[in-house]
Amino acid sequence: MAAAAAPQSPQQQQQQQPSPLVERVKTAAGLEKLVLRGQRNCSVEISLYGGQVTSWKNDYGEELLFVSSKANFKPPKPIRGGIPICFPQFGTHGNLEQHGFARNRLWTVDDNPPPLPINPAIKAFVDLILKPSEDDLKVWPHSFEFRLRIALGQGGDLSLTSRIRNTNTDGRPFSYTFAYHTHFSVSDISEVRVEGLETMDYLDNIKGKERFTEQGDAIVFESEVDKVYLAAPSKVAIIDHEKKRTFVVTKEGLPDAVVWNPWDKKAKAMQDFGDAEYKHMLCVEPAAVEKPITLKPGEEWKGRLALSAVPSSYCSGQLDPQRVLHG
Ligand SMILES: O=P(O)(O)OC[C@H]1O[C@@H](O)[C@H](O)[C@@H](O)[C@@H]1O
């Protein structure tokens, strides 16, 4: 007769419980975050402060996003890294604070969002919502509902879907600019190339937002870069040569793409950014900057970001960026 199994302690029982696909936890700093768990060691963390993705890990539990070691995680400063939401203004394209106020606000979980079709295989996702406070209405006198769905796909892909609705009751339309201010973790910025933006026109933020045309056959990094590429393709590839990893950024509803690395001088000037951290990060930000988005009351805009990280032995030419970009 088989020996009866020894009774399990609650801890052992807990250990064997499968981790919940979506968990809400309080951080040490007393802030709330949500954890999405996928297959193997894939996970995503979202801070309710800012409605901001602050971690995206792959099968091996490797962190794929950059968050500064000196980041603030409490109001009023935004969290330096992950995927801040720039709304209702990108950068200094308007009279609000830089990048608008959405990333400096406490978002809430939307338990009953309007239906948004999702691949039924995706089980780990959360819906957040932001509405303007009385103070927000003083700086930006428009009522809106901003719904953000963050989903972790079966293969570890990360997607963010924003739905912004004009809920003005005074009949007034509103216009805004927007970006998913995505900070990628890279091994060494001097070993990184960006494919898909060559020959595109861009506004150069370090040359008075003047318009130029990209000349190179790929973008490489040797100094500060702060460019808004206009009417960019729906897919952009970030190739990390040293890590043999390619990030594929897919965007919908967002015509532009911002590429930013502060380099050494700007890095030293940011108190929530390590002096040498510019070497290990790159922002590629699907955005709507050149042509603000205008919504009439009742209208809703949808903008989507999909991220995947694929192995790339680019140096051996096995990864054809054109194939990655054009399927
Ligand atoms: O320090 P912030 O407000 O997060 O902005 C960082 C950078 O964000 C980038 O998106 C902008 O193009 C840069 O001009 C800006 O400096």
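All ligand and atom numbering here is 1-based and tracks the order in the structure. What you see is a predicted model, and the numbers here were worked out from it, not measured in a lab.
- Between F174 and F144, the ring planes lie perpendicular to each other; the angle is over 60°, past the 30° to 60° tilted range.
- The ring pair (Phe, Tyr, Trp, His ring centres under 6.0 Å) test applied to F273 returns F66, not counting sequence neighbours.
- The contact shell of ligand 1, taken as protein residues with any non-hydrogen atom closer than 4.0 angstrom, comprises R80, F90, Q98, H99, R103, H181, N205, D226, V258, W260, E285.
- Aromatic ring centres of F87 and W140 lie closer together than 6.0 Å.
- Between the side chains of E214 and T199, not a single donor N or O lies within less than 3.5 Å of an accepting N or O.
- Judged by a 6.0 Å distance limit and a 45° cone about the ring axis, K74 is not positioned over the six-membered ring of Y49.
- Aromatic ring orientation, H181 versus W260: perpendicular (interplanar angle above 60°, classes split at 30° and 60°).
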